[in-house]
Trainee: 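To start, I am sharing the structure in question, which I have written as structure tokens.
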Number of protein chains: 4
Amino acid sequence: MTYEVTSIVEDAALVEKRRKQIVDAATTLFSSQGFFRTTIKEIAKLAGISSGLIYQYVTDKEDVLLLVLLEVVDAYARELPAAIESATDPLDRCVAAIVAYCRVVDAHRAATVLAYRSTKSLSEDRRVRIQRRELETNQIIAGVITECVRKGYFRRVNVNVLTYQIVMTAHAWALKSWYFKTILTLDDYIEHSLDILLKGVLAPSAEKKWQSISKDMASPPSNPSR
Amino acid sequence: MTYEVTSIVEDAALVEKRRKQIVDAATTLFSSQGFFRTTIKEIAKLAGISSGLIYQYVTDKEDVLLLVLLEVVDAYARELPAAIESATDPLDRCVAAIVAYCRVVDAHRAATVLAYRSTKSLSEDRRVRIQRRELETNQIIAGVITECVRKGYFRRVNVNVLTYQIVMTAHAWALKSWYFKTILTLDDYIEHSLDILLKGVLAPSAEKKWQSISKDMASPPSNPSR
Amino acid sequence: MTYEVTSIVEDAALVEKRRKQIVDAATTLFSSQGFFRTTIKEIAKLAGISSGLIYQYVTDKEDVLLLVLLEVVDAYARELPAAIESATDPLDRCVAAIVAYCRVVDAHRAATVLAYRSTKSLSEDRRVRIQRRELETNQIIAGVITECVRKGYFRRVNVNVLTYQIVMTAHAWALKSWYFKTILTLDDYIEHSLDILLKGVLAPSAEKKWQSISKDMASPPSNPSR
Amino acid sequence: MTYEVTSIVEDAALVEKRRKQIVDAATTLFSSQGFFRTTIKEIAKLAGISSGLIYQYVTDKEDVLLLVLLEVVDAYARELPAAIESATDPLDRCVAAIVAYCRVVDAHRAATVLAYRSTKSLSEDRRVRIQRRELETNQIIAGVITECVRKGYFRRVNVNVLTYQIVMTAHAWALKSWYFKTILTLDDYIEHSLDILLKGVLAPSAEKKWQSISKDMASPPSNPSR
DNA sequence: CATGAATGAGCGTTCATTCAT
DNA sequence: TATGAATGAACGCTCATTCAT
């Protein structure tokens with residue numbers, strides 16, 4: 001997970017450690033105050049180091065933002081595959097992927113919102129690096145969808161549009177948490193979203209299978225018609 | 001459309017005119033450079049007035065942002081109802097609402113993205129005002145969905161979740177336009193999205209009606225399985 | 001005397017006034033502490049304005065240095081011609097030029113030293129501008145030398161080398177004033193320098209004329225052999 | 001050649017070696033970028049040592065500058081006497097001294113300019129040490145001039161002024177090399193300068209001797225009247 | 001002796017905001 | 001009402017110097 005962000009310090013372990021301190025502090029601060037309202041000195045203070053030291057591990061304030069955003073997209077890239085591997089049947093895998101994605105978003109809620117707010121604060125080339133990673137993650141989801149289509153579970157839909165529909169559904173949990181948090185839990189949200197999204201693409205022949213999966217899910221929608 | 005934003009100047013018509021100049025300039029600049037990278041001087045210059053004058057119509061730089069964001073959410077509040085009124089049957093109204101929402105987003109792509117980027121730059125109370133407006137707009141959509149459910153067109157889904165699913169679908173066109181623009185047109189996007197979203201909630205008895213609506217739409221998905 | 005240094009402020013008279021304040025303050029400070037040890041805030045304070053205001057009249061700290069150095073070279077360009085015009089005979093004019101040059105240097109001692117210390121702190125293009133002005137001033141001296149040669153007062157010497165010999169003689173008064181001030185006065189210095197320099201280039205036929213000029217000079221070398 | 005600059009390290013040979021590394025690196029960097037634009041890290045890197053180590057051999061960054069400038073003035077003090085000893089006749093010795101001085105300056109062009117730029121960056125007491133050395137070197141030249149005067153080769157001129165005239169002539173080759181390099185070679189420059197300077201002080205009786213010396217010089221002025 | 005990570009004071013510069021005109 | 005010159009707090013960043021290893 002080398003970030004291709006150059007550091008003056010050579011000791012790899014130290015770089016790892018310091019960067020973690022910096023990124024952790026910056027994530028907290030950027031999330032609550034935004035990139036521009038956060039000062040390098042605040043980051044340094046929260047990270048427990050001096051402000052000058054940050055520049056031994058990073059070239060720019062923008063570089064700190066890049067590191068923070070990479071951390072988020074990497075969390076997806078790390079955790080999604082693990083979730084998928086737990087199952088073999090395409091439909092199971094698809095559901096697992098969606099559930100996992102939503103949970104990762106929930107765990108990184110602040111950082112997810114930050115990505116939407118701050119990606120444009122990056123220089124062109126750094127922004128492109130983030131977008132490339134997002135596409136890579138999306139390919140994982142697109143992959144399981146394609147499996148489902150091949151296996152005849154899904155009717156023939158536009159895979160890319162469906163992929164983003166799923167992605168946006170997950171992101172919405174973070175982006176609109178100020179609203180959702182007032183009306184339902186994450187598990188409810190996942191249930192309802194799966195219900196809406198998958199019902200729309202299931203082939204008739206797969207509906208029975210879906211119902212059994214649906215029933216197995218831990219906490220059934222508590223309030224289906226609110 | 002009094003914005004509850006205090007102005008020193010009393011002549012209402014002049015206030016209207018100046019604010020329009022300011023908001024237009026600010027929208028352009030905020031969208032391309034972001035809130036923090038844009039200076040009051042730049043806004044003044046583009047608006048064709050002096051920087052000092054801005055403070056006769058606004059208390060703060062943040063106030064300018066508020067005005068800009070209110071403009072966007074108002075565009076929804078203005079144009080959605082118009083689209084809905086064109087039809088009477090709930091399903092037609094629902095489709096019309098979704099299509100209209102997507103088109104409004106497309107017309108305000110930059111500003112929509114801006115809303116996601118910059119809402120958090122507002123102070124708590126101003127942010128809440130924006131969110132309240134967003135909810136009001138969403139109520140319009142929730143309304144037509146409820147109509148569809150009552151009429152038996154839609155099965156009993158969580159109306160609020162579905163509403164945001166629709167909203168996020170429309171917003172996604174703006175938020176991920178860097179990607180979508182490379183693979184399909186707005187019309188294609190709307191088609192595919194409707195296909196996925198509505199199929200998932202239509203009651204069996206309404207499917208025939210949906211098919212006829214679907215067929216009437218100008219440009220059918222040109223590439224359904226891409 | 002437009003300095004081709006861009007200012008944000010448009011009122012020409014104000015620009016003139018503020019720049020004078022800035023240049024005067026900067027000249028004092030740069031001379032006593034050097035360019036790098038002097039801060040913008042110090043300049044602002046001494047100039048009686050705020051630090052931010054400086055950037056309305058200058059783009060850079062380096063720009064302030066440029067203005068200061070231009071002031072010095074302009075002093076030469078302004079005062080030399082005046083001194084020369086006072087006489088018509090080439091030899092008289094040449095002596096007048098040298099004397100005048102030495103006096104200008106004396107009046108701008110600190111700034112002259114500054115030019116030697118700090119010209120290299122300028123960016124390439126700004127340094128070139130200064131050098132070009134220096135050459136222009138030198139042309140004035142080279143001109144009177146050429147006149148003297150044509151008139152047969154001077155034997156045929158390398159005009160450019162002699163020109164710089166004269167220039168360096170004058171500058172030396174500033175550059176080595178820490179030494180000269182301990183052993184003689186400016187007038188003495190001029191006398192001795194003229195004695196050495198001109199004797200070396202006078203044609204035999206002009207020696208009589210030189211002696212009469214020499215005798216006319218106010219304060220004869222008080223200590224010819226020290 | 002103990003520089004009276006205190007070092008923590010005791011091994012004299014090592015001190016010598018390290019100081020040479022440091023001074024060599026610093027001379028290069030100071031000359032091209034100036035004292036303030038050069039960082040201790042850059043010096044350390046070019047010297048092939050760590051930045052911390054420099055402080056074992058020097059107390060200050062300013063101390064490094066002192067060492068560098070002492071090196072230059074020492075070059076004069078070292079090489080001038082050698083040049084003079086090659087001849088016995090005062091006039092020969094004088095010419096040899098001037099020629100040698102010019103050549104030393106040429107060999108240390110960058111460092112000579114550096115001395116003019118940076119001497120004032122030193123603290124008072126360190127600056128005085130440099131000036132004292134400069135005066136010592138000048139005494140060598142003043143010495144041969146005095147010899148010439150005693151021997152009747154030179155008329156009675158102000159020895160100190162003439163000494164500095166010579167010194168400045170040599171320094172000018174470095175200070176104004178941006179100009180001279182475009183119009184003549186070092187040898188031409190020396191020729192012309194000697195021609196102007198010495199002609200002005202030669203007693204009539206010594207002119208013949210001067211002419212024979214002059215003729216012996218390798219490359220006669222190629223362009224005497226330019 | 002030597003290293004280089006760490007510190008933190010201090011600088012140039014920007015820009016929202018004010019206010020005399 | 002309108003202007004734009006003026007203010008000054010605040011920020012990102014640099015770098016001489018120290019010190020644990």
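Below, read A as the first sequence line, B as the second, and so on, with proteins coming before strands; counting in each chain starts at 1.
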Trainee: Rounded to the nearest Å, what distance is computed from the CZ atom of residue D:F36 to the C1' atom of nucleotide F:dA16?
Mentor: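 So the two atoms are 12 Å apart, to the nearest Å.
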Trainee: With respect to the side chain of A:S50, which nucleotide from E:dG12, E:dT17, E:dG8 is positioned closest?
Mentor: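 Nearest to the side chain of A:S50 among the choices is E:dG8.
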Trainee: Show the nearest heavy-atom pair for residues A:S7 and A:R19, with the distance to one decimal.
Mentor: CB-NH2, 3.3 Å
Trainee: In terms of the angle between their ring planes, are D:F30 and D:F35 parallel, tilted or perpendicular, with boundaries placed at 30° and 60°?
Mentor: perpendicular
Trainee: Mind running a 4.0 Å heavy-atom check of residues 37-45 of chain A against DNA chain F and sending the residues that fall below it, in number order?
Mentor: A:T38, A:T39, A:I40, A:K41
Trainee: Does B:E42 use its side chain to pair, donor to acceptor, with the backbone of B:T39 at less than 3.5 Å?
Mentor: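 Pair found, side chain donor or acceptor close to backbone of B:T39.
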Trainee: Without decimals, in angstroms, what is the distance between B:F35 CZ and E:dC15 P?
Mentor: 13 Å
Trainee: Go through E:dT7, E:dA2, F:dG12 for me and flag the one nearest to the D:Q56 side chain.
Mentor: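 Looking only at heavy atoms from C-beta outward on D:Q56, the closest nucleotide is E:dA2.
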Trainee: Please figure out whether A:R18 or D:G48 has its closest DNA chain E nucleotide nearer the 5' end.
Mentor: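 Residue closer to the 5' terminus by nearest nucleotide: D:G48.
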Trainee: Here's a test of your reading of the structure: between C:L53 and D:T59, which maps to the more 5' nucleotide of DNA chain F?
Mentor: C:L53
Trainee: Touch check for A:L14, heavy atoms < 4.0 angstrom, all strands: base, sugar-phosphate only, or nothing?
Mentor: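 Contact class for A:L14: sugar-phosphate only.
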Trainee: Which part of the nucleic acid, if any, lies within contact of B:Y57, taking any heavy atom under 4.0 Å across all strands shown: a base, the sugar-phosphate backbone alone, or nothing?
Mentor: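 If one applies the 4.0 Å heavy-atom cut-off, B:Y57 turns out to touch the sugar-phosphate alone, with no base involved.
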Trainee: Do B:E62 and B:S123 have side-chain atoms, one donor and one acceptor, less than 3.5 Å apart?
Mentor: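 Distance-only check passes for B:E62 and B:S123.
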Trainee: Does A:D60 reach a base, just sugar-phosphate, or nothing at all? Heavy atoms under 4.0 Å.
Mentor: sugar-phosphate
Trainee: Need to verify one output field. Residue with the more 5' nearest nucleotide on DNA chain E, C:S51 or D:I54?
Mentor: D:I54
Trainee: Using Watson-Crick and G-U wobble pairs with both distances under 3.5 Å, what is the 5'-to-3' dot-bracket string of DNA chain F, with [ ] for crossing pairs and | for pairs outside the strand?
Mentor: .||||||||||||||||||||
Trainee: State the CG-CD distance between D:L122 and D:Q131, to the nearest 0.5 angstrom.
Mentor: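 Output value for this atom pair is 9.5 Å.
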Trainee: If I take atom CG from residue C:L53 and atom CD1 from residue C:I22, how far apart are they, to the nearest 0.5 angstrom?
Mentor: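 Output value for this atom pair is 6.5 Å.
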